[in-house]
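Structure, as structure tokens:
Quick note: numbers below take in every heavy atom, side chains included, and nothing from hydrogens, waters or symmetry partners.
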Amino acid sequence: MTNKKKHSSKKNKKKEKETVKSQAPTEDQQLQKSQTQLPQQLIFTQILTKLPVKSLIRFKLVSKQWNAHISSPQFAKSHLHSSLSSPSSQARLFYITLFNSFPSLNYTGYDRASNYHFRVRSLSGFDNFRFDDWTSFLIGSCDGMVCFGSHHPNFFHGLHPADFVSYEFFVHNPSTRVYRHVDSPLEGFRGPLTVGFGYVLSMDDYRVVLACILEQNSRHLVYVYSLNSGKWRRLELELVVQFARSFGRGELVNDTLHWVMNRRSGGTCIVGFDLVRDKFIEVIPPSSEMRFEICKIDGRLCVWEEIGGGVEVWMLEKYEAQDSWTRLLKLYVKAALGVNWVTYFRFLAAEKALIQVDSSDVLLVDLSKNPPKFASLVVEKGDIYVFDYVESLVSPLIKCKKKKKKKGRGGNQASNEGTQEQKSQLPQELIFNEILTRLPVKSLICFKTVSKQWNSIISGTQFAKSHLHCSLSNPFSCARCFYITPFNSSPLLNHTTYDRVSNYTFTIRSLSGFDNFRFDDLTSFLIGSCDGLVCFGAHHADFCHGLHSLDFSDYTFYIYNPSTRLYFQVPSPIEGFKGPLTVGFGYVLSLDDYRLVLVCLSKQSPKALVYLYSLKSKEWRKLKFVLQIEFARAFGKGELVNETFHWVMTESSGVKCIVGFDLVAEKFTKVPPPSLSMEFELCVMGGYLCTWEDKSGVVEVWMLETYGIWESWTQLFKLDVRAALSVDWVTYFRFLAAEKILIQTDSSEVMLVDLSQNPPTYVPLVVESGDIDVLSCVESLVSPVGTENPRRDG
């Protein structure tokens, strides 16, 4: 009896263990059953304040409470503080080319933690205003707002126009795209204009300052505009120095705007206007013999002087002590760049500066390197003026006075407020499924530190799939183009960014510099991109031409997520193979798996070796096939359509054909092209297999409407690039979206083409010279290794 009892008790324990295992919460159940509610105060103060403005504007639609809170000035201040204190927050450079006939206000972007920089986008095209025949100039930038002026004069040179009658001013927040139109207080004034814009902490107000010098009586007319009141004040003040020249933009330090003035007696001085006390002051420069300009760094006033192909910078350490000028740095540009002088200098961060040289080239300088590192910034030709800028929600519109709350009856007020607070709590399921899935990856990685629950859910595969679905279905999400120049000795894997809705394009950032891998003496090439993952290979060969290497013995493959910067190194199954290589990478829906395919073909025999790598099992499988096609050439990247990789092969007769490899059935198929006489290449548009052919600068695109019905090839369009760009032929063609394509011409120019316009518009994309290969990629949380520990880039 005792043995039976023991046996039955063991059985019961096993059943209990199995029950516990079966009842262990899955990823979905964890979200549904979780009763951990984060306080609304924590969400608003610690989470939402770290989001980009674009996401916050969309989250105003979550509820009335969220709309009111995100729209409040207090939240804007908290978000601004978070943006300014984060070294990795995205910043923008606002610039204007002064000496064109009708310069436009433009901006470019750069990452404040790195040297990555992008091309220029114009700010023209406000709702009720155009720059078509007006001249604009920058006044200042502060807390995410940019102030600029515009007028229509007969003559314009810098800030010295002949007539200010038609002057207008604007305060604009480019992140929220909200601006205020400020009428000019200047009527009929002619002469030099001194301007400034900034925030006065002691008054909690933003001020626009216009100082007009009256040369007849040596007095200044000063107009001060308050963003709080929406009104101008007119002051007539005595000058502290007798001037010969004074016009420009002021630098705000210690609640005082500073300008450079030339004395009539000779020499240069600094004059400040105290915005609190409404009076002029003089700041003694480091030397009366210097011919300097002013700038600032970390809230301290600086001067810089050109010293024959270099820059010398001095900083005023203590504002009250004018004898505390200290030489900050000497930057020798002439030796590094071979230029004669520097025409412009400005700090962007503590160890980042922007300069313009006599050749009109604009350069971003990394002062943390020894020697300093110079990176070219793509801007229009001409002199520039630049302001640093950070994203914010600060509104340029007049602040409204808050309505007084009606008092409740007795003690019911506190209980009512408590009930309202409980009702305003959003369900966790709504936060995770409808809010967090719409955030950029960079924000989500930060939010893993909120709690163990948030870390677990954001790191889960189900959340990654939901986030990916939102990214793919959202036309406003940002996509990346990965490209490689395969004909250089050691090409690098690079990427650029483009907005999938617009034509805004940017220059290239390199992906080199993985922790345990360098491209220094290796050649890399792209294989494929899918769901935010990019697959590429690298090898060390004596000769490389695209994917046609003489020796693949040193081959290595990588699967990389650029958004999370996680990558996985896949060991090569090929050892000692010599010959053309056919590759492919993509997602197989029916198998719920990402596959890497290598096809090794031999010209001596019709046999083909196929190596299949599964991201789910982390294993290679080797398959042998006998092809029914005698080919003369076959190597390149495969296009994945209908769970089948497709390549272009040239038969021994010289005719091109399409060969596919079915990843589910694991067999080869032959797909007839639209015409046997075509010299085509493959591409994909919206999940449809397409071919493109260049006919002397005219691109002809065909699409297979129904896969498996080979008679359903339909001509999609013809693109006459020759007539638009005066080129002889197109060497590269690829769809980035339904109406966005990327081409390269015989002159090596790379263009982004918008087919939605009539006629199509062409925007040049700045890349290195040489032939390119491009893959589009979207932001995602999909892991390149599943639950294993991946390596992190940089």
Just checking, is any N or O donor in the side chain of Asp143 or Ser392 under 3.5 Å from an acceptor N or O on the other one?
no

Once side chain to side chain donor-acceptor pair (under 3.5 Å) is applied, do any residues pair with Ser443, and if so which ones, sequence neighbours excluded?
none

Can you tell if the side chain of Thr194 reaches within under 4.5 Å of the side chain of Leu210, non-hydrogen atoms only?
no

Working for side chain to side chain contact (heavy atoms under 4.5 Å, CB included), residues Asp255 and Ser202
CA-CA 8 Å; Asp255 286 349; Ser202 59; 3.5 Å; yes

Please determine, by modelled atom types, if Asp754 and Ser756 share a side-chain donor-acceptor pair under 3.5 angstrom.
yes

Decide yes or no for Tyr344 and Ile355: does some side-chain heavy atom of the first lie under 4.5 Å from some side-chain heavy atom of the second?
no

Provide the closest heavy-atom pair for Phe280 versus Val222 in the form atom of the first, atom of the second, distance.
CZ-CG2, 3.7 Å

I want to check something: taking the side chain as every heavy atom from C-beta on, are Val313 and Met315 in contact at a cut-off of under 4.5 Å?
no

Tell me whether Glu293 is salt-bridged to Arg346, with the criterion being a basic N under 4.0 Å from an acidic carboxylate O.
no

Pair Phe44 and Trp66, ring centroids less than 6.0 Å apart
yes

Salt bridge (Lys or Arg N to Asp or Glu O under 4.0 Å) with Arg234: which residues, sequence neighbours excluded?
none

Side chains of Ser359 and Asp361, donor plus acceptor under 3.5 Å
yes

So, the side chain of Ser71 versus the backbone of Ala68: is there a donor-acceptor pair under 3.5 Å, distance only?
no

Does some side-chain heavy atom of Leu393 sit less than 4.5 Å from a side-chain heavy atom of Asn173?
no

Test item: Val209 and Tyr225 side chains (from C-beta on) under 4.5 Å apart, heavy atoms:
no

Cationic N near anionic O, under 4.0 Å, Arg233 to Asp278:
yes

Flag the pair Phe292 / Ile270 as yes when at least one side-chain heavy-atom distance between them is below 4.5 Å, and no otherwise.
yes

Is any side-chain N of the basic residue among Asp204 and Lys77 closer than 4.0 Å to the acidic one's carboxylate O?
yes

Between His258 and Tyr319, does the ring centroid distance fall short of 6.0 Å?
yes

Could you check if a side-chain atom of Val311 sits within less than 4.5 angstrom of a side-chain atom of Glu305, using non-hydrogen atoms only?
no

Does Phe170 reach the side chain of Arg180, with side-chain heavy atoms less than 4.5 Å apart?
no

Trace of the side chain to side chain contact (heavy atoms under 4.5 Å, CB included) decision for Ile43 with Leu48
CA-CA 6 Å; Ile43 292 175; Leu48 294 187; 4.1 Å; yes

Can the ring centres of Phe197 and Tyr199 be said to be less than 6.0 Å apart?
no

